[in-house]
Amino acid sequence: MTRTGKKTAAAAKKAAARRRTTAAVKEAAAVPLPDFLDSAGTLTLDQRRLLVDQALLLLGENYVHLPLKVAMHAVNPLQRLRVLRARMERQTDDTMQEEWMFHREMSSIFHSVRDLHTNYLLPVPFAGKIAFLPFMIEKCYDPEDIGGNEHYLITRTITGYQAPQFGPGAEVTHWNGTPIARAVALNGAVFAGSNDAANLARGLESLTLRPLVIQSPPDEDWVTLTYVGLDGSNQELREQWKVATNLPPMTDLDAVSEASALMGLDLDSDEKSRAKKALYVRDVVELERGQSSAELAAPAAVAGADLPTTMPGVFRAREVVTSSGNFGHLRIFTFSVQDPVAFRDEFVRLAAILPQNGLIVDVRDNGGGHIYASEFTLQTMTPRRISPEPVQFISTPLNLKICRRHKDNPAGIDLGPWFDSLDLAIETGAQYSAAKPITPEDGANDVGQTYHGPVVLITDARVYSATDIFTAGFADHEIGTILGVDDNTGAGGANVWTHGLLASLLNEPPPPDETSPYIALPNGANLRVAIRRTLRVGKLAGTPVEDLGVKPHETHRMTKADLLDGNVDLLNRAGALLAALPVRRLDLKTSLSGTTLTVAIDAQSIDRVDVYLDERPISSEDLTGPLSIDILEVNPGALLRADGYTSGNLVASRRVTV
């Protein structure tokens, strides 16, 4: 190549780099990582000591999983904090370590327990920021070699981003010179999940997207990506990390409110979910007007094939064509909502206008949210009565103090059910409180079954927290088949509270507790801790969800067609599972003439129906076709319930208010 040709090629390469950078900055209002880090680092030595002391308090006195984590993962976070604190006593403001090293050590200690509920949350300017690369990478397998050869494909790029032969379908082979599979595993060991599947899922996701409130900033200013281009050529790309402001969270997790106290939320997944919307799904951001999980006044459709929904950041509903027939597909992106009843009702509305011969409920990547929302929704897919999963505090004097202050529900957070057992723990030696459900059983059963077709639930290793609780309840009540794209869910079974909420619970309602050990944290820093652990019901009653998670009944390894063509193979697999299950129907039509109620019953794949009025048994009828019965002395407003049986097994239920 001539000198002029070399200059032209170099200029073109620089111009391409400028176009990529301009597109990313324009789309995400981003700044380069080094520029952002120049503004960080204002914690004094005393402020760092305070953070360590408060971390010792929460992990030692509030953290419900500490005995399990010490036993299962052979870790000692309390001793690491004590060592860090002792070394700080020998430091001065002039000799203390750089702030990034302090944040990294604190993050490492919290990550060591492999609990995505229990976090060190970095102060400003990290809080509310994301570090990102302008593309996403996902893993798939060869269809003919499932479980064997892995492939890592580019699946999304920020609008306007360009690089040579780069885009959805390009295959990444190396990350900073390291084979990509090894880079994912090494990264997963840093941002540890509760099991191997979760480790790898977190490791892959964090290669290109990191919420700085919970993950330390990348060590490198840029990454070098080696990939096979769209034309099969070998390519190399150097891309700089950038930092942008994330979308706001759904709720103030420090506030004394029902929503904040009832959260089962993986903050890492929640932050990433909002970041992905900001980077890649701008139409949803615009519909929500920048507010996460917003409820719209009227339903709106995000894409042409989707049903309109009042919660476009929460649900995606559509009819899908599979090789086994047409079925409903209802994606739940998050349970992080303010109103769990509105969530349940929108789920019911969407499911009712989807095909009734089978429903695919897809909770992949869902990091949880409001525990009520997850457990209120289960009833709509089963005739069985839902038993919400019970939870326990660890028995400590500080947890007892908090429960004593709120045992009579003075601030809207009722801790009375756990008080008596904690009060007796010193005498009984019990390690945990009594196990009581967070979700009210009446609320978990107040509408009953509304969808009567078969249901398949799709999960992955990023399913966590309230979504783990949802999945466990789905399994424990035998609602349907669980199809996993990984071998386990994320295994996060707990209710999580922040340091700010814990402090507020000893200050509200007034007067504040003058003996409270919680001290306000500096510079917007925060701590989160799993406060109440979740136990299974049904056949696995008493088994903790944490670290064990929920294993699927069937497994599907994602294919290239799944990643690039709308999950086509995954949906075909789900469709095949649905097609093998019986389709049931139980329809009730009522008419009231005076005080005589006529009930017309039409059913499919049901051989007996039992009828109840206001929970009193009225009739039990064998079904050979449509049936009509009259019920005397009925008043308007009465609740009619019909339970359908096949071969003596309860298989369907329907409720109607007269």
Side-chain angles (χ1 to χ4, degrees), residues 27-29 127-130 132 156 158-159 209 211 213 244-255 257-318 329-354 361-377 380 462 464-467 470 496 498:
E27 185 68 25
K129 302 292 185 181
I130 54 169
F132 70 95
R156 285 179 182 260
I158 287 178
T159 302
L209 182 61
V213 67
T245 300
N246 203 1
L247 293 172
M250 179 276 300
T251 190
D252 178 3
L253 297 179
D254 290 338
S257 68
E258 183 178 76
S260 61
L262 298 175
M263 279 291 138
L265 181 67
D266 165 17
L267 187 61
D268 178 65
S269 284
D270 189 61
E271 290 278 339
K272 287 175 179 172
S273 176
R274 287 184 274 117
K276 288 175 185 177
K277 279 199 297 186
L279 295 172
Y280 302 110
V281 198
R282 299 300 302 177
D283 49 353
V284 173
V285 176
E286 291 167 6
L287 281 172
E288 293 185 314
R289 297 185 179 180
Q291 299 301 309
S292 299
S293 304
E295 184 178 359
L296 307 183
V302 176
D306 293 354
L307 296 179
T309 173
T310 57
M311 299 180 179
V314 176
F315 295 113
R316 183 189 185 194
R318 58 192 177 125
H329 180 239
L330 218 171
R331 186 78 181 260
I332 306 176
F333 296 107
T334 182
F335 289 102
S336 190
V337 296
Q338 287 284 356
D339 187 344
V341 173
F343 175 98
R344 179 206 66 196
D345 290 348
E346 180 65 358
F347 180 92
V348 169
R349 187 188 73 82
L350 292 169
I353 52 181
L354 288 168
V361 179
D362 190 342
V363 293
R364 288 174 296 153
D365 299 344
N366 188 329
H370 203 306
I371 293 172
Y372 281 9
S374 70
E375 295 197 293
F376 281 2
T377 306
T380 68
R462 288 181 291 277
Y464 205 78
S465 201
T467 318
F470 176 83
V496 57
T498 65

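Sequence positions, counted from 1, serve as the residue numbers for this chain. No experiment lies behind these values; they were computed from the predicted model shown. Worth knowing before you read on, the calculation uses all heavy atoms, side chains too, and leaves out hydrogens, waters and symmetry mates.
Closest approach of Thr334 and Gly313 over heavy atoms only: CG2-O, 4.0 Å. The minimum heavy-atom distance between Asp266 and Ser269, with the atom names listed, is OD2-OG, 2.5 Å. Between Ile130 and Pro211, the closest heavy-atom pair is CG2-CA, 4.1 Å.
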* Asked: Between Leu307 and Phe315, is a side chain to side chain contact (heavy atoms under 4.5 Å, CB included) present by the stated rule, with each step listed?
  -> CA-CA 10 Å; Leu307 296 179; Phe315 295 113; over 6 Å; no
* Step by step, would you call Thr159 with Arg282 a side chain to side chain contact (heavy atoms under 4.5 Å, CB included)? -> CA-CA 10 Å; Thr159 302; Arg282 299 300 302 177; 5.7 Å; no
* Could you walk me through whether Ile158 and Phe132 pass side chain to side chain contact (heavy atoms under 4.5 Å, CB included), step by step? => CA-CA 11 Å; Ile158 287 178; Phe132 70 95; 3.5 Å; yes
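With hydrogens and angles disregarded, no donor-acceptor distance shorter than 3.5 Å links the side chain of Thr380 to the backbone of Val348. Side chain of Ser465 to backbone of Gly264: a donor-acceptor contact under 3.5 angstrom is found. The backbone N or O of Pro248 sits less than 3.5 Å from a side-chain atom of Ser292, completing a donor-acceptor pair. Remark: the backbone N or O of Ala275 is paired with a side-chain donor or acceptor of Asn246 at under 3.5 angstrom. A donor-acceptor distance shorter than 3.5 angstrom exists from the side chain of Thr377 to the backbone of Ala373, with no hydrogens or angles considered. Although no hydrogens or angles enter the test, the distance criterion places a donor-acceptor pair under 3.5 Å between the side chain of Thr498 and the main chain of Leu253.
Just one residue in the list Asn366, Asp306, Asp365 forms a side chain to side chain contact (heavy atoms under 4.5 Å, CB included) with Arg331, and that residue is Asp365. Between Leu330 and the options Leu350, Asp362, Val363, Thr309, a side chain to side chain contact (heavy atoms under 4.5 Å, CB included) holds for only Leu350.
In this structure, Gln291 CD and Arg274 CZ are separated by 11.0 Å, a value rounded to the nearest 0.5 Å. Taking NE2 of His329 as the start and CG of Leu354 as the end, the distance is 10.0 Å to the nearest 0.5 Å. To the nearest 0.5 angstrom, Ser293 atom OG is 7.0 Å from Asp270 atom CG. From Gln338, atom CD reaches atom OG of Ser257 across 7.0 Å, with rounding to the nearest 0.5 Å. Interatomic distance, CD1 of Ile332 versus CZ of Arg364, reported as 12.5 Å (0.5 Å rounding).
Looking at heavy atoms from C-beta onward, Glu295 lies out of side-chain contact with Glu346 at the 4.5 angstrom threshold. In this structure, Val281 and Arg156 have side chains that are in contact, with non-hydrogen atoms separated by less than 4.5 Å. Residues Leu209 and Leu279 have side chains in contact (heavy-atom distance under 4.5 Å, counting atoms from C-beta outward). Within the 4.5 Å cutoff, side-chain heavy atoms of Glu258 are placed close to those of Tyr372. Inter-residue side-chain proximity for Thr251 and His370 is flagged as unmet; no heavy-atom pair is nearer than 4.5 Å. For the pair Lys129/Thr245, a side-chain contact is recorded, criterion being any heavy-atom separation below 4.5 Å from C-beta on. In this structure, the side chains of Asp283 and Val285 stay at 4.5 Å or more apart for every pair of heavy atoms.
Proximity of the aromatic rings of Phe376 and Phe343 is defined here by a centroid distance below 6.0 angstrom, and this criterion is not met.
Between Arg289 and Glu286 no salt bridge is recorded (no basic side-chain N to carboxylate O distance below 4.0 Å). A salt bridge does not link Arg349 with Asp345: none of the charged nitrogens is closer than 4.0 Å to a carboxylate oxygen.
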